[in-house]
Amino acid sequence: MTLIALVSQVLLTIPLTIILNYFKNKNYSKLNQFLIPIVYIIIISALIPSIKNNVYLIVVFEIFIRNFYITNITLENKENSISFIIDSIISITLSIFTYNYFISNVESVIPDPETIKSIIWFLIIIYILNVYKITTKDKQVVIAEKKKEYKKENVVMQYAKYKNKYSSIINSKTNTVNNLTYAIMIYESLNTPVFNRKIEEYIGAVSKTETKYGIMRIKSYNHLTDEESIKIVLEKLEQDYKSLKDKKALNKIINSYNDIEKEDILTIYNQIVEFSKK
């Protein structure tokens, strides 16, 4: 190694120290303290091939200078000293390994056209996969929004249909209970069409297992008609509503549903209330 190369390596420790201190002050991952020196000496070897020989010494010099500075100014306890020594050994070991197996064994660290071509194709594949992932995610969001919007658009129509059909049954003295019953009915019918319900009910009847019956989807071992399922739900809602201290906390009387289902039911309920005021 020439004297010029040695002096150049010593001077090149300055940018490395600045970079390492920047990342350390920003509290980035400690892994950067090991990876940055490796990347740095690879870049230096590519840009300045004349000092490529034993380029790992840049890391050694940098650690020596930083060790001298820290030991005399900031390091006061033994625990920090041991940690610094261990980190230094790991960093030097990784740099020597990189030099021996990646830098010294090749004429040029810069990839040849064929290697670059492979890298570009790899990046293209990664990019395409990423675009596909983002597009798919966006599409799912759009579908979810459309589905939600579809429910909103059909709430009034469904409400009018069911009120005309079941108003003789849904006749609680409390409008809140009536509207909540319709909201549950609309939610269940939108999420489980009649054909699906009939198939499920048939399988339950044949297998003699507990199955959801009726338009209100009541769990039972015995078959229930739509009207019977409505009466069961209406009666339960009336009892729960009477015992409810906060009359606005309707989510408490539909506690058999999960949070997402409650949100949908209450959304439908609010639309029914809004429509009824017109």
Side-chain angles (χ1 to χ4, degrees), residues 136-242 244 247-278:
T136 304
K137 185 178 180 180
D138 290 342
K139 186 177 180 181
Q140 290 174 346
V141 171
V142 171
I143 291 173
E145 289 298 324
K146 283 185 176 180
K147 184 178 179 183
K148 198 168 185 179
E149 193 65 31
Y150 170 79
K151 288 182 180 179
K152 289 180 180 180
E153 291 174 356
N154 283 273
V155 165
V156 173
M157 183 177 66
Q158 294 289 329
Y159 171 65
K161 180 179 74 173
Y162 291 133
K163 189 173 184 179
N164 181 58
K165 188 174 183 180
Y166 298 116
S167 59
S168 59
I169 300 173
I170 305 174
N171 55 3
S172 171
K173 294 180 180 179
T174 307
N175 285 332
T176 299
V177 173
N178 290 332
N179 290 335
L180 195 56
T181 304
Y182 283 118
I184 294 173
M185 186 185 303
I186 293 169
Y187 171 80
E188 293 291 2
S189 65
L190 285 173
N191 283 276
T192 311
V194 177
F195 179 78
N196 295 37
R197 291 206 308 270
K198 295 303 180 183
I199 293 295
E200 186 176 343
E201 291 174 4
Y202 176 78
I203 294 173
V206 172
S207 61
K208 304 296 182 181
T209 57
E210 188 179 42
T211 305
K212 291 182 177 180
Y213 287 102
I215 193 171
M216 306 301 277
R217 310 282 288 150
I218 301 299
K219 285 185 178 180
S220 174
Y221 286 97
N222 301 315
H223 181 270
L224 297 172
T225 64
D226 289 346
E227 289 78 6
E228 288 171 335
S229 70
I230 294 170
K231 290 177 181 178
I232 291 172
V233 171
L234 183 66
E235 183 179 349
K236 183 179 183 303
L237 289 178
E238 279 190 305
Q239 292 175 353
D240 292 343
Y241 186 76
K242 287 178 182 178
L244 192 66
K247 299 302 182 182
K248 293 183 179 180
L250 297 180
N251 59 324
K252 290 184 179 180
I253 67 173
I254 50 174
N255 50 26
S256 60
Y257 296 90
N258 62 42
D259 290 340
I260 297 176
E261 292 170 337
K262 286 180 182 179
E263 184 180 350
D264 285 346
I265 291 172
L266 292 177
T267 298
I268 295 171
Y269 168 82
N270 289 329
Q271 291 198 2
I272 291 174
V273 172
E274 184 180 348
F275 175 75
S276 299
K277 290 180 180 178
K278 294 180 180 180

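Only heavy atoms go into these numbers, but all of them, side chains included; no hydrogens, no water, no symmetry mates.
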Task: Between OG1 on residue Thr209 and CD1 on residue Ile203, distance to nearest 0.5 Å - done: 9.0 Å

- [ ] Rounded to the nearest 0.5 Å, what's the gap from OG1 on Thr181 to NZ on Lys236? Could you check?
- [x] 11.0 Å

TODO: Heavy atoms only: give me the nearest His223-Glu228 pair and the separation to one decimal.
DONE: O-OE1, 4.0 Å

TODO: Report the C-alpha separation of Glu235 and Gln239 in whole Å, then their side-chain angles, then the decisive distance to 0.1 Å, and conclude whether the side chain to side chain contact (heavy atoms under 4.5 Å, CB included) test is met.
DONE: CA-CA 6 Å; Glu235 183 179 349; Gln239 292 175 353; 3.7 Å; yes

Task: Nearest atoms (heavy-atom pairs only) where Asn179 meets Ser276 - done: OD1-OG, 4.5 Å

TODO: Drop me the distance from Ile254's CD1 to Asp240's CG, to the nearest 0.5 angstrom.
DONE: 11.0 Å

Task: Short side-chain to backbone donor-acceptor contact, Asn255 and Lys252, under 3.5 Å - done: yes

Task: For Glu261 against Tyr187, the heavy-atom pair lying closest together - done: CG-OH, 3.0 Å

Open item on the list: Side chains of Gln271 and Val156, heavy atoms from C-beta outward: is any pair under 4.5 Å?
Closed with: no

Open item on the list: Quick check against the 3.5 Å criterion: does Ser189 have a side-chain atom that pairs as donor or acceptor with the backbone of Ile186?
Closed with: yes

- [ ] Tell me, please, which residues at least two apart from Asn251 pass side chain to side chain contact (heavy atoms under 4.5 Å, CB included).
- [x] Ala249, Lys262, Leu266

Task: For the student: nearest non-hydrogen atoms of Ser229 and Ile218, plus distance - done: CB-CG1, 3.8 Å

TODO: Keeping the roles fixed (side chain from Glu201, backbone from Thr211), state whether a donor-acceptor pair exists under 3.5 Å.
DONE: no

TODO: Before giving the answer on side chain to side chain contact (heavy atoms under 4.5 Å, CB included), spell out for Tyr166 and Asp226 the whole-Å C-alpha distance, their side-chain angles and the decisive distance to 0.1 Å.
DONE: CA-CA 10 Å; Tyr166 298 116; Asp226 289 346; 3.8 Å; yes

TODO: Let me see the working for Ile184 and Ile268 under side chain to side chain contact (heavy atoms under 4.5 Å, CB included), right down to the final yes or no.
DONE: CA-CA 8 Å; Ile184 294 173; Ile268 295 171; over 6 Å; no

Task: More than 12 heavy atoms of other groups within 6.0 Å of Lys163 NZ - done: no

Task: Reference residue Ile215; test side-chain contact (heavy atoms from CB on, under 4.5 Å); the match among Lys165, Glu188, Arg197 - done: Arg197

Task: Rounded distance [0.5 Å steps], CG in Asn222 versus NZ in Lys208 - done: 8.5 Å

Open item on the list: Which heavy atom of Ile272 sits nearest to which heavy atom of Ala183, and what is that distance?
Closed with: CD1-N, 3.8 Å

TODO: I would like to know whether Ile230 and Ile170 meet side chain to side chain contact (heavy atoms under 4.5 Å, CB included); could you show each step before the answer?
DONE: CA-CA 8 Å; Ile230 294 170; Ile170 305 174; 3.7 Å; yes

TODO: Look at the side chain of Asn196 and the backbone N and O of Thr192, then say whether any donor-acceptor pair between them is shorter than 3.5 Å.
DONE: no

Open item on the list: Please check this pair: side chain of Thr174 against backbone of Thr176, looking for a donor-acceptor N/O pair closer than 3.5 Å.
Closed with: no

Open item on the list: Is any side-chain heavy atom of Leu190 closer than 4.5 Å to one of Asp264?
Closed with: no

Task: Residue list, salt bridge (Lys or Arg N to Asp or Glu O under 4.0 Å) with Glu227, at least two apart or on another chain - done: none

- [ ] Taking the six-membered ring for Trp and the full ring for Phe, Tyr or His, determine whether the centres of Tyr159 and Tyr182 are under 6.0 Å apart.
- [x] yes

TODO: Can you see which heavy atom on Leu224 is nearest to which on Ile232, and at what distance?
DONE: CD1-CD1, 3.9 Å

